[in-house]
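Beneath this line is the structure, given in structure tokens, with notes to follow.
The sequence lines fix the lettering, A, B, ..., with proteins before strands; numbering per chain opens at 1.
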2 protein chains.
Amino acid sequence: MKRWDPYSAACPTRLLLDRIADKWTVLVLGLLSDGPVRFNQLRRRIEGISQKMLSQTLKSMERDGLVSKKVFPTVPVTVEYALTPLGRTLTKTISELERWAEAHMDEVLKSQKRYDVRSGSKV
Amino acid sequence: MKRWDPYSAACPTRLLLDRIADKWTVLVLGLLSDGPVRFNQLRRRIEGISQKMLSQTLKSMERDGLVSKKVFPTVPVTVEYALTPLGRTLTKTISELERWAEAHMDEVLKSQKRYDVRSGSKV
DNA sequence: CAGTATCCTTTATGATACTG
DNA sequence: CAGTATCATAAAGGATACTG
């Protein structure tokens, strides 16, 4: 077993953490966890993502082995993205993160409000 | 129970996910999980972080209620950062993410290599 | 449909200098 | 020590136009 130290700058684990913690990656994983989805379907369901970002996100997820891409030779072409087994192991962890966010959203918002009032009152 | 939809652009959960998934936030959480740490100690232990980024990260974590800050009126001043109870609940989820990254690092690296060879050979 | 290529704007981050 | 302020630059992201 090799041990990586995420606190050192060049650590691959740190890079990987960065990648999987990415905004769009998390959302794509969530959508794909229900089964294969096509490019433009993803695009429509993730509000605010640009074609460029989606394309870029999917490409690096494919490179990392998290998703697989299947091309159907229809006209025009149809492309389906699906989670790989590896990707599926990740969604479990990610969805916990999402649950945490949902569960503690109110508490965080309250804290922010308190903080802003305190800072603002100094003016 | 309110339900947020992280796929809509204005969703606070999505913003929160973004924040906690942040590169530096993850690392700071990891270090603080062992107990309170001072500003420059954090700085030294997180290779590659700038003073600006650390300060910024800690500030927003404090605003979110994840860390608390204690100032000791020594000369010069001493500042200790610690996890709040809320912050502590988050570290559990985060450390799972770190474990995932460590556990699957090799597999991801292999996948990347395969991908790069295939793409490169087209040239 | 599912992208890629380009240009251009915005945001993030780093380096440096300064302060209580 | 623990920051903040400022400036400069790099990186991320969006809009648009084009292609198999």
Side-chain angles (χ1 to χ4, degrees), chain A residues 9-10 14-15 17-28 31-32 36-63 67-82 115-116 118-120 122-123, chain B residues 7-10 14-15 17-28 31-32 36-63 67-82 115-116 118-120 122-123:
Chain A
R14 187 154 131 182
L15 298 176
L17 265 180
D18 249 32
R19 174 90 37 88
I20 64 188
D22 174 78
K23 175 182 186 167
W24 303 123
T25 301
V26 170
L27 295 173
V28 168
L31 286 178
L32 291 186
V37 185
R38 294 181 22 203
F39 185 87
N40 279 328
Q41 288 180 326
L42 287 170
R43 189 147 126 72
R44 275 189 297 272
R45 293 189 55 187
I46 303 178
E47 197 177 309
I49 196 169
S50 66
Q51 194 171 28
K52 181 181 177 179
M53 277 301 97
L54 180 56
S55 160
Q56 203 170 294
T57 301
L58 287 169
K59 193 180 279 188
S60 81
M61 289 175 79
E62 193 194 352
R63 187 171 106 99
V67 308
S68 61
K69 176 179 168 177
K70 195 168 177 184
V71 181
F72 299 91
T74 52
V75 180
V77 70
T78 299
V79 180
E80 240 181 39
Y81 288 91
Y115 185 95
D116 292 345
R118 263 187 298 168
S119 320
K122 284 182 192 163
V123 183
Chain B
Y7 297 103
S8 78
R14 186 154 131 182
L15 299 176
L17 266 180
D18 251 32
R19 175 90 37 88
I20 63 188
D22 173 80
K23 174 183 187 167
W24 303 124
T25 300
V26 169
L27 296 173
V28 169
L31 287 178
L32 292 186
V37 186
R38 293 179 25 200
F39 185 88
N40 279 327
Q41 288 181 326
L42 287 171
R43 190 147 125 73
R44 275 189 296 272
R45 294 189 53 187
I46 304 176
E47 198 177 309
I49 196 169
S50 66
Q51 193 171 27
K52 182 181 176 178
M53 278 301 97
L54 178 55
S55 159
Q56 203 169 294
T57 301
L58 287 169
K59 193 180 279 189
S60 82
M61 289 175 78
E62 193 195 352
R63 187 171 108 98
V67 308
S68 60
K69 176 179 169 178
K70 194 168 178 185
V71 181
F72 299 91
T74 54
V75 180
V77 69
T78 300
V79 179
E80 239 181 39
Y81 288 91
Y115 185 96
D116 293 344
R118 264 188 298 167
S119 319
K122 285 181 192 164
V123 185

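Atom-to-atom, CG of L58(B) to C1' of dT4(D) comes out at 14 Å; the value is rounded to the nearest Å. For the pair I49(B) CD1 and dA2(D) P, the interatomic distance rounds to 14 Å; values are reported in whole Å. Note: CG (L15(A)) to C1' (dA11(D)) measures 16 Å, nearest angstrom. When rounded to the nearest whole Å, the span between CG of L42(A) and P of dC1(C) equals 14 Å. Distance K69(A) NZ to dG3(C) C1': 8 Å, rounded to the nearest Å. Going from atom NZ of K70(A) over to atom C1' of dG3(C) covers 20 Å, rounded to whole Å. Summarising the geometry, the separation between CZ on R43(A) and P on dT4(C) is reported as 13 Å, rounded to the nearest angstrom. With rounding to whole Å, D22(B) atom CG is found 14 Å from dA12(D) atom P.
Contact annotation: Y81(A) does not reach the phosphate of dC1(C) (side-chain N/O to OP1 or OP2, under 4.0 Å). Look at K23(B) and you won't find any side-chain N or O under 4.0 angstrom from OP1 or OP2 of dT13(C). Within the 4.0 Å cut-off from OP1 or OP2 of dT4(D), at least one side-chain nitrogen or oxygen of K59(B) is found. The shortest distance between the side-chain N/O atoms of R38(B) and the OP1/OP2 oxygens of dA2(D) is below 4.0 Å. Between S55(A) and dT4(C) there is a side-chain polar atom (N or O) within less than 4.0 angstrom of OP1 or OP2. The shortest distance between the side-chain N/O atoms of K52(B) and the OP1/OP2 oxygens of dT6(D) is not below 4.0 Å.
In terms of modelled atom types and a separation under 3.5 Å, the side chain of Y7(B) and the main chain of L31(A) share a donor-acceptor contact. Looking only at distances, no side-chain donor or acceptor of S55(A) sits under 3.5 Å from a matching main-chain atom of Q51(A).
With the nearest nucleotide of DNA chain D identified for both P76(A) and W24(A), W24(A) has the one nearer the 5' end.
Using a 4.5 Å cut-off on side-chain heavy atoms (C-beta onward), F39(B) and K69(B) make no contact. Counting heavy atoms from C-beta on, the side chains of L32(A) and L42(A) come closer than 4.5 Å. Annotation: side chain of L58(A) is not in contact with side chain of E62(A) (no heavy-atom distance under 4.5 Å).
Which of dA2(D), dC7(D), dA2(C) sits closest to the side chain of N40(A) comes down to dA2(C). For V77(A), taking side-chain heavy atoms from C-beta onward, the closest of the listed nucleotides dA2(C), dT13(C), dT4(C) is dA2(C).
Across the strands present, dG20(C) finds its partner in dC1(D); the criterion is a Watson-Crick or G-U wobble pair with both atom distances under 3.5 angstrom. Checking dA12(D) for Watson-Crick or G-U wobble geometry (two distances, each under 3.5 Å) identifies dT9(C) as its partner.
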